[in-house]
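Please read all numbers here as calculations on a predicted model, not as lab measurements. Side chains are part of it too, since the values below use all heavy atoms of this structure and drop only hydrogens, waters and symmetry mates. Order of the sequence lines sets the chain letters (A, B, ...), proteins ahead of strands, with each chain counted from 1.
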Amino acid sequence: MSDVEESHLVQERRQKIERLRMRGVEPYPWSFPDRVATSVVVDRCAALTPGATASGPDLRVAGRIRTLRQHGRSAFVDLDDQSGALQLFLRVDELGEPSYSDWLADLDPGDLVGAEGSPMVTRRGEPSLLVRQLTMLAKAIAPPPEKFHGLKDAEVRLRQRYLDLLASPETRARFRARSLVVREIRHFFDEHEFLEVETPVLGTVAGGAAADPFVTRSGYLDEEVQLRISLELPLKRLLVGGFERVYELGRIFRNEDLDATHAPEFTMVEAYWAYTDYTDMRHLMEAMYGRLARRVAELLPGVPAAAEAPGLFEPPFAVVDFVEALESASGMRGIADRSREELRDLARAAGATVPDASPAGKFLDKLFEHYVEPTLVRPTFVVDHPLATSPLAKRHRSKPGRIERFELYCRGVELANAYSELNDPDDQERRFAEQLAARGTEHYAMDRDFVEALRYGMPPASGVGFGVDRAFMALTGTSSIKDVILFPPVRSRP
RNA sequence: GGGCCCAUAGCUCAGCCCGGUAGAGCAGGCGGCUCUUAACCGCAAGAUCAGGGGUUCGAAUCCCCUUGGGCCCGCCA
């Protein structure tokens, strides 16, 4: 592939810049005040009959040229802006000579231009702006992707996301919807009187989950530091400190492979709610996902999965017991009483490759993943997991050997993980020690200060965590996490 | 980490199986056209066929390696 800088297309455009300057036109001016969105002009046109031109003051619009259709002494330009698109109608009898010919000689697809004129509807019925004055706002030197087929190259779409965005209204709509769903999540927690907080990304112990951290070094601390892999432990310290409803929405980092549902940095929400238990949190999540589903349906009516989301996420969601669901799906009995070795052999028989040393909870997760997860298409709360599956949840008040936990699944994806949070400091210390004994690699350490904090008393509380990227994927039926992250990680160019 | 697949003009794609001087559409250039909307008509141009090596009289095409990407599996509670 030849260097863009060298191509004849670029040289043509550089010559056009020289011509613009020679006729006194600045190719990169500073602003374009008093413009309206193209949608405003389109709305104004709705009152006009075909062939009619609006009276009243001229309107100004700005945007990027998608296509040009020249007809000798008139021309049509399709102009895109964030609100949509508008056809510009250029005519020699409006622009005059030599202005008309000069402009047509120097305009290209991809250029950012401003236009001033009257709203009008063409005889063929197309809402348009009859242009009296054109302004170059930024001359594009590099040609844009092809106007009809758009940008297909998956690599370019990831490496040069701006090209994907400028060529694809669908991509723009998807990322806009993501941003507005994030805003909706904040509204939801804010309305429920949760306080949004920010906790450190860099710390000396990355805890709250089992994942490989990114490791770096702090010159100030003169110590190894790790990027957070979860938000859990600092947020619970805030419950100790007296905040009763807190949440954080932020980036977390796990030094692991990128695939369709995992990215090494992703956005997570965790919320902690004092004096409530996991059943209260279950109802909160039901309400939240119901609301987010209605929002994506508004934002992406043309995306089938999004349009169907409100029906799918209509509360109440199904509730199934972890052990009962696993036993009924697999035909096995007495799952909770099996030894670690038995569970390991069962997991392997189900096709999982797991190391000998894994804790029993790992094998149970694998069995669940294999037998039950694929069947959970409608939103379903899986509740009351075996004790071994998490070190941070409180023991179940009535089911021996279980914890008070739920996971929400939908369309085969995990959409939330919540507990009645463990607040017994001695039990917490024991459970951390058991996890460490089963793991024991160099970058893992017990967060002793967290155990110390619990000794001062953390109120009974429920807590939840969910990945924003995956939530948005499930709500919109998007199959790859790269399609919901604006700038996914890419290797440096060879 | 394992398997399969892909890389040809700025963009979207043919050509590859079965080796014989690299093609189209869009975009760009020149000419024509005052209601088109994937505008249209004519002319001329545009390529280190991802990179490197090999086989061959001859390689975009067959073989090997490298790089980047995609899908699946494994890993990632």
Side-chain angles (χ1 to χ4, degrees), chain A residues 1-13 15-16 50-51 65-78 85-95 100 105 107-110 120-128 130 140-159 163 167 208-212 229-230 254-264 266 351-355 358-366 368-369 373 385-386 388-393 405 407 414 417 435 438-439 465 479-480 482 490-494:
Chain A
M1 234 167 275
S2 64
D3 193 326
V4 164
E5 290 297 321
E6 301 302 321
S7 87
H8 68 284
L9 294 164
V10 168
Q11 289 175 18
E12 293 284 355
R13 287 172 180 240
Q15 284 169 17
K16 291 177 183 183
I65 296 177
R66 189 172 67 242
T67 62
L68 283 147
R69 292 178 294 281
Q70 296 189 36
H71 293 257
R73 302 196 199 305
S74 73
F76 297 96
V77 173
D78 290 330
L86 176 69
Q87 174 172 275
L88 306 181
F89 191 9
L90 312 184
R91 294 193 344 192
V92 68
D93 45 16
E94 294 291 342
L95 287 165
Y100 175 84
L107 288 178
D108 284 301
M120 66 162 292
V121 176
T122 61
R123 290 203 284 270
R124 295 290 186 92
E126 181 73 22
S128 305
L130 181 60
I141 288 179
E146 204 250 12
K147 66 182 177 186
F148 183 67
H149 298 92
L151 183 64
K152 292 275 182 62
D153 188 311
E155 182 176 353
V156 177
R157 278 173 36 192
L158 297 183
R159 284 189 186 275
L163 292 180
D212 281 335
I229 58 174
S230 138
R254 296 184 179 178
N255 201 348
E256 282 151 10
D257 284 352
L258 177 69
D259 69 20
T261 56
H262 299 79
F266 61 99
T353 48
V354 278
S358 306
K362 174 82 176 173
F363 303 135
L364 285 164
D365 282 330
K366 285 289 165 192
F368 189 83
E369 204 175 286
E373 267 189 37
H385 300 56
T389 60
S390 171
L392 293 156
R405 173 182 184 185
E407 288 178 293
E414 184 192 331
N417 180 33
Q435 283 276 307
R439 218 191 295 133
S479 58
S480 171
K482 287 178 222 172
V490 289
R491 284 174 214 282
S492 51
R493 284 175 182 282

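Between A:Asp365 atom CG and B:rC75 atom P the separation is 12 Å, expressed in whole Å. Atom CG in A:Leu86 sits about 17 Å away from atom P in B:rU37, given to the nearest Å. With rounding to whole Å, A:Asp212 atom CG is found 14 Å from B:rG1 atom P. Taking atom CZ on A:Phe76 and atom C1' on B:rC40, their separation rounds to 13 Å, with Å as the unit. In this structure, A:Asp259 places its CG atom 15 Å from P of B:rG69, rounding to the nearest Å. Rounded to an integer number of Å, the gap from CG of A:Leu258 to C1' of B:rG74 is 15 Å. One can place NZ of A:Lys362 at 12 Å from P of B:rG74, the figure rounded to the nearest angstrom. Rounded to whole Å, atom C1' of B:rC73 lies 12 Å from atom NZ of A:Lys366.
No contact: A:Arg254 has no heavy atom under 4.0 Å from any strand. Among the heavy atoms of the strands, none lies under 4.0 Å from A:Asn255. When heavy atoms are screened at a 4.0 angstrom cut-off, A:Pro50 is found touching no nucleic acid atom at all. No engagement by A:Leu364 is indicated, since no non-hydrogen atom pair under 4.0 Å with the nucleic acid exists. Contacts of A:Gln70 with the nucleic acid, taken as non-hydrogen atoms under 4.0 Å apart, include base atoms.
The listed nucleotides are B:rC11, B:rU37, B:rU34; the one nearest the side chain of A:Leu151 is B:rC11. Checking B:rC35, B:rG74, B:rU37 against the side-chain heavy atoms of A:Arg123 singles out B:rC35 as nearest. Nearest to the side-chain atoms of A:His71 among the listed nucleotides B:rG70, B:rC75, B:rU34 stands B:rU34. Side-chain atoms of A:Ala154 lie closest to B:rG70 of the nucleotides B:rG70, B:rG74, B:rU37.
A:Thr389 is not listed as a side-chain neighbour of A:Phe368, based on a closest heavy-atom distance of 4.5 Å or more. Side-chain contact check for A:His385 versus A:Leu364: every heavy-atom pair is 4.5 Å or farther apart. Side-chain contact check for A:Glu94 versus A:Tyr100: every heavy-atom pair is 4.5 Å or farther apart. Between A:Pro109 and A:Leu68, some side-chain heavy-atom pair lies under the 4.5 Å cut-off.
With C1' as the reference atom, B:rG53 and B:rA59 are 13 Å apart, rounded to whole Å. Using C1' as the reference atom, B:rA45 and B:rG10 are 14 Å apart when rounded to the nearest Å. Taking atom C1' on both nucleotides, B:rC40 is separated from B:rG15 by 29 Å, rounded to a whole Å. If you take atom C1' in B:rA27 and the same atom in B:rG74, they sit 44 Å apart, rounded to whole Å. Nucleotides B:rC33 and B:rG20 have their C1' atoms positioned 44 Å apart, rounded to a whole Å. When the P atom is used for both B:rA60 and B:rG54, the distance is 15 Å, rounded to whole Å. Taking atom C1' in both B:rA14 and B:rG29, the straight-line distance is 25 Å, to the nearest Å. When the C1' atom is used for both B:rC64 and B:rG70, the distance is 23 Å, rounded to whole Å.
Look at A:Lys152 and you won't find any side-chain N or O under 4.0 angstrom from OP1 or OP2 of B:rC11. Under 4.0 angstrom from either OP1 or OP2 of B:rG69 there lies at least one side-chain N or O belonging to A:Arg491. Of the side-chain N and O atoms in A:Lys482, none sit less than 4.0 angstrom from OP1 or OP2 of B:rG69.
Across every strand in view, B:rA7 sits in a pair with B:rU67 that passes the Watson-Crick or G-U test at under 3.5 angstrom. With both pairing distances under 3.5 Å, B:rC43 is matched to B:rG29 as a Watson-Crick or G-U wobble pair. With both pairing distances under 3.5 Å, B:rA22 is matched to nothing as a Watson-Crick or G-U wobble pair.
The minimum heavy-atom distance between A:Arg157 and A:Leu151, with the atom names listed, is CD-O, 3.3 Å. Among all heavy-atom pairs drawn from A:Ile229 and A:Arg254, the shortest one is O-NH2, 2.9 Å. Shortest non-hydrogen contact noted between A:Arg13 and A:Ile141 is CD-O, 3.0 Å. Scanning both residues, A:Pro143 and A:Leu9, for their nearest heavy atoms gives CG-CD1, 4.1 Å.
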Once base and sugar-phosphate atoms are separated, protein heavy atoms under 4.0 Å mark nucleotides 25-30 of chain B, 5' to 3', with B, S and - as BBBSS-
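For A:Asp78, the side-chain contact (heavy atoms from CB on, under 4.5 Å) partners at least two apart in sequence or on another chain are A:Arg66, A:Thr67, A:Arg69, A:Gln87.
Along RNA chain B, the nucleotide nearest to A:Val92 and the one nearest to A:Gly150 differ in position, and the one closer to the 5' end is contacted by A:Gly150.
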Go through the steps to decide whether A:Val490 and A:Glu155 satisfy the test side chain to side chain contact (heavy atoms under 4.5 Å, CB included), and finish with yes or no. CA-CA 9 Å; A:Val490 289; A:Glu155 182 176 353; over 6 Å; no
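At a cut-off of 3.5 angstrom, counting only N and O atoms as typed in the model, there is no donor on one side facing an acceptor on the other between the side-chain of A:Asp153 and the base of B:rC11.
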